[in-house]
Amino acid sequence: MRNHYSFWKCFALAIVPLLSTRIPLAASPSDQDVAVSSTPLTLAPITITASPTPKSAWNSPVSVSVVEGRQMDRQRGESVVAAIQNEPGISMIAEGGTVAKPVIRGLNSQEIVIVEDGVRSEAEQWGNEHAPEIDPLGTNRIEVMRGPNSLLYGSDAIGGVISINHPELPNAHLGDGPLRGLFSTIVNSNNNSAGENFDVSGASGDWGYRANVSQLQAGNFRTPEIGAVPNTGDVEVHGSGEVGVRKDWGDLDASFAKFNKRVELQNPNNPFPPTSNLNDSEFQVLQHEHGKIHADVNTEPARLDITGGYDWVNRKEYDSPDLDTTQTDSAGNPIGTVAPPKPHLNWIESSYTLDTKAHLVPMGLFQGTVGVSGLRRVDQSLGVVDLTPSYNENSFGEYLVEDVPVGKFDFTFGVRGDQSQYNIQANNDIGLDFSNGMVSPSDRRPVAAQMLNYSAVTGAAGGVYHITEPLAFAVNLGRGYRNPVPFELFAFGKHEGTGEFSIGNPNLQPETSLDTEASLRWASSRVKAEVGVFRNYIHNYIYSTFVSQSLLPADFTDQTIPVVQEQQANATVKGVDGAVTVAATDWLTLNTVYNMVRGFNDQGDPALNTNYIPHVPADNLLIGSDFHVKSLGPIVHPYFGVDEKITAAQARTNAEEIPTPGYALLGLRTGGELVVMGNRITLDAGVDNLLNKNYIDYNSILKEFNIGNPGRNVYVKLSVPFGS
């Protein structure tokens with residue numbers, strides 16, 4: 001059957017880099033003598049985001065990291081990004097442990113595409129605190145592609161793509177039973193957080209299903225210097241489900257996920273210290289729905305891969321107290337305030353996508369994929385204040401990708417065209433803000449109804465040359481683009497989440513980028529390594545920069561608030577990153593990850609006299625070791641690990657940012673598995689920041705208030721499976 005063929009094909013792709021002979025998949029049967037040696041290192045995983053068809057990460061011309069299985073168990077955290085924070089090229093913009101948005105090779109927000117179960121996931125990425133709204137406990141696989149991938153995803157994928165996936169549907173034909181489940185939990189001492197997740201799944205005949213529900217509660221996080229930082233707690237409840245059928249003609253499945261979160265954000269209005277000025281009571285209520293219908297249909301002369309997606313975001317930002325919630329006596333005099341009944345800012349965004357790929361029958365060496373994609377997006381601004389106008393977007397894309405294996409070479413190239421239309425709705429109330437004194441006609445910044453049209457042609461070409469079986473050289477050249485979003489074009493007013501007065505720029509043009517990347521890769525039974533260099537030139541790079549407070553309206557009550565305006569300049573982001581894992585012995589594994597990124601404003605910032613772009617992380621080096629054996633009494637695969645992450649001082653700052661000193665953090669971890677009634681119970685525990693070091697990360701949201709990152713944290717993770 002087709003499912004068995006797909007399974008064995010993927011298995012073959014995964015083990016190819018570790019075989020003593022590279023074996024092409026031939027149309028006719030042939031006998032090959034191969035040698036496969038046991039190794040404590042994991043095999044090269046299959047990736048689905050870097051190419052339109054399954055491919056070993058080792059054979060992808062772009063740099064890809066995959067976190068899954070026991071590695072996911074060990075690295076899972078309070079945010080979905082926590083599991084990949086120590087992968088090459090990755091850092092975070094964060095506040096505590098519950099607000100974390102990814103940075104890939106110095107780029108973030110609109111320059112990165114987040115994909116959930118094959119469909120783009122939106123979180124209105126323009127704010128520092130606008131992090132991915134995806135269940136951190138129910139996911140089981142994350143793939144990170146570093147570098148532009150507009151070829152497959154269209155606008156925004158200039159910095160890279162992060163693909164986050166729930167477990168695959170079980171398959172009765174591969175031995176899965178009608179009911180299996182998993183209960184998992186995670187607790188953290190620093191903010192007294194506790195999370196639980198419950199999964200069930202099963203298969204019967206051609207049908208399979210899965211479902212999960214999870215919750216996470218966290219209190220205020222603690223720093224060594226301050227102790228508990230007020231108003232940094234979090235409450236989350238999530239759920240998802242999927243059902244599908246497999247037939248001779250192909251597969252059909254449908255899934256739906258729902259995300260709910262209430263998160264507190266500390267953004268002091270008064271000078272700090274003292275700690276009594278940490279009196280902000282701001283919070284956000286986030287709702288996110290995400291669904292898809294996917295069909296994989298066998299036809300001639302192509303296999304059709306069709307995905308219809310739905311993504312709905314409701315973001316509410318509350319600034320408590322707000323003027324419209326002031327209580328008054330019978331004479332109309334204010335006597336106090338109550339919690340706001342409606343949000344200061346509120347955006348609701350609905351996205352509908354359709355992506356169709358036709359995987360063509362191979363023609364000689366060419367294995368092509370033709371695709372078309374469409375997007376319909378509706379964004380509404382519904383809060384007390386209209387910081388941005390409402391709009392809708394219609395986008396279409398067409399692309400062709402070819403894979404060409406020739407001897408020791410694996411070539412990939414493709415081209416894509418995109419057309420986008422934004423219909424901006426008229427809004428005469430932009431700029432009015434009753435809670436901040438902006439009530440006069442002169443405070444208005446009306447936006448006229450208008451239509452904005454953008455188009456772009458992108459492409460990529462690259463390949464992998466297998467010099468010898470353990471050693472390969474990869475190179476890739478990719479062109480990406482992104483359109484400015486209406487927030488960047490038209491915003492005018494106080495953005496509660498960032499504590500800044502935001503001013504858009506209606507003259508912004510689309511960004512285009514040209515990225516060059518080269519890497520050396522080694523995959524043997526004892527050493528797995530990849531070290532790469534990259535250079536990403538971005539034309540019309542869009543960034544926020546501090547400008548004079550003289551641009552504040554005279555009526556605005558807080559004339560000391562930072563004023564941020566959108567600007568544009570050419571930029572260059574370049575650097576080196578890589579990871580090396582060495583099985584020194586059967587019981588000792590050593591690993592290291594290194595990151596160095598430089599981000600330059602090629603034209604200089606005219607407002608701030610600086611040559612650096614914002615949010616580029618400091619150089620860092622992670623050094624770690626794992627001691628492990630096959631068993632220790634009843635415990636299977638026990639391990640004990642230690643690592644130290646050394647981060648350099650960051651003085652190459654955008655002038656709106658604060659330099660940070662270097663620091664080193666020590667961590668310990670241990671765990672193992674226990675077989676009970678045929679099921680493997682896993683337990684992982686550890687200590688982050690063992691020495692309770694007081695430090696401030698360069699991309700911390702709270703660094704401008706001299707508030708440190710979380711101190712020592714003891715964590716425990718437990719997973720208990722059951723069923724068939």
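Since this is a predicted model, take the numbers as computed values, not measurements.
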*How would you list all residue pairs meeting salt bridge (charged side-chain N to carboxylate O under 4.0 Å, His left out) that involve residues 93-110, not counting sequence neighbours?*
Arg105-Glu517, Arg105-Asp577
_Set of side chain to side chain donor-acceptor pair (under 3.5 Å) partners for Asn694, sequence neighbours left out_ = none
*Hey, are the side chains of Val161 and Val115 touching, using non-hydrogen atoms and a 4.5 Å cut-off?*
yes
*asked:* Looking at Glu122 and Arg377, is there a salt bridge between them, counting it only when a charged N and a carboxylate O are closer than 4.0 Å?
replied: yes
_Contacts of Glu289 that satisfy salt bridge (charged side-chain N to carboxylate O under 4.0 Å, His left out) - sequence neighbours left out_ = Lys258
*Would you mind reporting whether Asn570 and Tyr541 have side-chain heavy atoms less than 4.5 Å apart?*
no
*Please list, chain by chain and in numerical order, all residues satisfying side chain to side chain donor-acceptor pair (under 3.5 Å) with Arg535, sequence neighbours excluded.*
none
_So that I can tick it off, tell me whether Arg598 and Asp619 are bridged by a salt bridge, with the cut-off set at under 4.0 angstrom between side-chain N and carboxylate O._
yes
_Using side-chain heavy atoms (C-beta onward) and a distance below 4.5 Å, is Val563 in contact with Ile503?_
yes
*Please find out if less than 6.0 Å separates the ring center of Tyr481 from that of Tyr454.*
no
*Partners meeting salt bridge (charged side-chain N to carboxylate O under 4.0 Å, His left out) with Asp234 (sequence neighbours left out)*: Lys261
*Pairs in or reaching into residues 435-452: which pass salt bridge (charged side-chain N to carboxylate O under 4.0 Å, His left out), with residues at least two apart or in two chains?*
Asp429-Arg444
*asked:* Under the rule for side chain to side chain donor-acceptor pair (under 3.5 Å), what residues qualify as partners of Arg482, not counting sequence neighbours?
replied: Glu111, Glu488, Glu511
*Looking at the rings of Tyr698 and His615, which for Trp means the six-membered one, are their centres under 6.0 Å apart?*
no
_Can you tell me how the ring of Phe501 sits relative to the ring of Phe556, calling it parallel under 30°, perpendicular over 60° and tilted otherwise?_
perpendicular
*With sequence neighbours left out, what residues match Glu264 under salt bridge (charged side-chain N to carboxylate O under 4.0 Å, His left out)?*
Arg262
_Which residues share a ring-ring contact (aromatic ring centres under 6.0 Å, His included) with His288, sequence neighbours left out_ = none
_Residues that Asn188 engages under side chain to side chain donor-acceptor pair (under 3.5 Å), provided they are two or more places apart_ = Ser193, Asn713
*asked:* Which label fits His238 and Phe259: parallel for a plane angle under 30°, tilted from 30 to 60°, or perpendicular past 60°?
replied: parallel
*Can you check whether Ile162 reaches Ile142 side chain to side chain, under 4.5 Å on heavy atoms?*
yes
_Check ion pair Arg120-Asp156 (N to O, under 4.0 angstrom)_ = yes
*Quick one: salt bridge (charged side-chain N to carboxylate O under 4.0 Å, His left out) partners of Glu133, sequence neighbours excluded?*
Arg315
*Set of ring-ring contact (aromatic ring centres under 6.0 Å, His included) partners for Tyr537, sequence neighbours left out*: none
*Return the orientation label for the Trp126 and Phe487 ring planes: parallel under 30°, perpendicular over 60°, tilted otherwise.*
parallel
*Could you tell me whether the side chain of Val313 reaches within less than 4.5 Å of the side chain of Ile348, counting heavy atoms only?*
no
_Less than 3.5 Å apart, any donor N or O on the side chain of Glu393 or Gln421 sitting next to an acceptor on the other?_
no
